[in-house]
Amino acid sequence: MFNRAVSRLSRKRPPSDIHSSDGSSSSSHQSPKSTDKWAASLENLLEDPEGVKRFREFLKKEFSEENVLFWLACEDFKKTQDKKQMQEKAKEIYMTFLSSKASSQVNVEGQSRLNEKILEEPHPLMFQKLQDQIFNLMKYDSYSRFLKSDLFLKHKRTEEEEEDPPDAQTAAKRASRIYNT
C-alpha cells in the first residue's frame, strides 16, 4: 500500500521536480543567485550566512553592525531551551546591547525601562519587541542602502561573471560561426 501511494505521488509531480538518486534535481532550471535572493527581502538575506556576512561588512562601514548582531543574538536566544543557559544568554544580550553601559548599544524605544530584573525570569520572546524594532530599522534604512552599495553590486557582478564566464560565450560564438557558415 505504501508503494502504491509513493507511485501515485511521483506520477503527479512534474518531471522537473523529480530528483535523481544522488538527491540533486534533474531540472534544468538554475536556482536563483544569492544576490537575487538577498535583493528580494531582508528575511532572505538574514537566512543566508553569506548574506549576513556581507550585510555585516556593510553595516560595519556605517557604524551600525550592532543592529544585525543584536538581531542574530535574539534569534539564537529564542532557540534556547535550557533555563540556565537562557538566563546567561539574556544577561549577555542585555549587557552587550541594551544596558546603559553596553559596549554595542542598540537604539530602541523603551530601552530606558529595561533593567536587570527582567533577566531573572527569561522567556524566549522577552526581546521580541526590541528585535522587531531593530529589524524594521534595518529593513527601512540600512537594507535599502546595502542593495545600492558597492559591496553588494560588486558581489552581484562577480556572481554574474561566474554564471556566464567569457570563455563559454566565446566558445558558443565560435560554434555558431562554424555551423552557420
Side-chain angles (χ1 to χ4, degrees), residues 23-25 29-165:
S24 63
S25 175
H29 300 297
Q30 289 186 346
S31 63
K33 296 184 295 274
S34 59
T35 52
D36 289 343
K37 290 179 190 174
W38 302 348
S41 73
L42 178 57
E43 291 88 341
N44 288 350
L45 173 74
L46 294 172
E47 288 173 2
D48 182 351
E50 182 66 22
V52 170
K53 178 182 170 189
R54 300 294 177 172
F55 193 46
R56 279 185 64 186
E57 285 176 45
F58 171 75
L59 292 176
K60 196 178 287 186
K61 290 178 182 178
E62 291 210 332
F63 304 101
S64 58
E65 182 186 21
E66 69 276 358
N67 291 335
V68 74
L69 294 175
F70 172 73
W71 188 88
L72 291 167
C74 290
E75 284 298 294
D76 180 55
F77 176 76
K78 288 191 274 190
K79 296 172 190 167
T80 306
Q81 301 292 318
D82 180 63
K83 189 80 165 170
K84 185 168 172 46
Q85 202 174 25
M86 191 179 284
Q87 280 182 317
E88 289 170 11
K89 285 185 179 185
K91 185 173 183 172
E92 187 178 337
I93 288 171
Y94 178 81
M95 297 308 286
T96 305
F97 301 106
L98 302 171
S99 151
S100 60
K101 300 171 190 156
S103 57
S104 298
Q105 191 177 36
V106 291
N107 187 13
V108 288
E109 289 179 31
Q111 189 171 358
S112 60
R113 291 191 301 269
L114 289 177
N115 60 43
E116 291 189 46
K117 278 189 173 185
I118 65 165
L119 305 175
E120 293 169 10
E121 289 297 321
H123 57 87
L125 300 177
M126 67 187 280
F127 297 117
Q128 189 63 53
K129 282 184 180 182
L130 302 175
Q131 184 186 17
D132 290 346
Q133 284 182 41
I134 291 298
F135 179 84
N136 285 327
L137 177 68
M138 291 188 301
K139 183 174 184 173
Y140 297 110
D141 186 35
S142 46
Y143 172 64
S144 57
R145 285 195 310 279
F146 170 71
L147 295 178
K148 297 172 190 167
S149 72
D150 288 341
L151 195 143
F152 174 79
L153 296 172
K154 184 179 177 184
H155 189 72
K156 186 174 178 82
R157 276 192 303 274
T158 302
E159 239 179 23
E160 288 167 352
E161 288 168 4
E162 287 172 358
E163 183 180 273
D164 199 14

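These numbers come from a predicted model, not from an experiment. Numbers here simply count residues along the sequence, with the first being 1.
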Any idea which heavy atoms bring [X] and [Y] closest together, and the distance?
X: Q87; Y: P122; result: CG-CG, 3.4 Å
X: K148; Y: L153; result: O-CD1, 3.5 Å
X: M126; Y: A90; result: SD-CB, 4.1 Å
X: I93; Y: A73; result: CD1-O, 3.6 Å
X: L151; Y: K61; result: CD1-NZ, 4.0 Å
X: F77; Y: K89; result: CD1-CB, 3.7 Å

Y143 side chain to A39 backbone, donor-acceptor under 3.5 Å: yes

Could you grab the distance from atom [atom1] of [X] to atom [atom2] of [Y], nearest 0.5 Å is fine?
X: F58; Y: S64; atom1: CZ; atom2: OG; value: 7.5 Å
X: L59; Y: R145; atom1: CG; atom2: CZ; value: 8.5 Å
X: E160; Y: K33; atom1: CD; atom2: NZ; value: 5.0 Å
X: E109; Y: L130; atom1: CD; atom2: CG; value: 10.0 Å
X: K60; Y: L69; atom1: NZ; atom2: CG; value: 8.5 Å
X: L46; Y: W71; atom1: CG; atom2: CH2; value: 4.5 Å

From CA spacing to verdict: side-chain contact (heavy atoms from CB on, under 4.5 Å), S34, H155: CA-CA 9 Å; S34 59; H155 189 72; 4.0 Å; yes

Of V108, N107, V106, D141, the residue whose pairing with N67 passes side chain to side chain contact (heavy atoms under 4.5 Å, CB included): V106

Whether F146 and F55 hold their rings parallel, tilted or perpendicular, with breakpoints at 30° and 60°: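 Because their plane-to-plane angle is over 60°, the rings of F146 and F55 count as perpendicular.
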
Aromatic ring pairing F97/F70, orientation class (parallel under 30°, perpendicular over 60°, tilted between):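 Answer is perpendicular, since the angle exceeds 60°.
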
Would you say that more than 12 heavy atoms from the other residues, nucleotides or ligands in this model lie under 6.0 Å from the [atom1] of [X], or not?
X: D82; atom1: CG; result: yes
X: K154; atom1: NZ; result: no
X: K78; atom1: NZ; result: yes
X: E92; atom1: CD; result: no
X: Q81; atom1: CD; result: no

In terms of side-chain geometry, is the basic nitrogen of [X] or [Y] positioned less than 4.0 Å from the acidic oxygen of its partner?
X: E159; Y: K156; value: no
X: R54; Y: E50; value: yes
X: K84; Y: E88; value: yes

With a 4.5 Å heavy-atom cut-off, do [X] and [Y] have their side chains touching?
X: M138; Y: L42; value: yes
X: T80; Y: P124; value: no
X: K83; Y: E121; value: yes

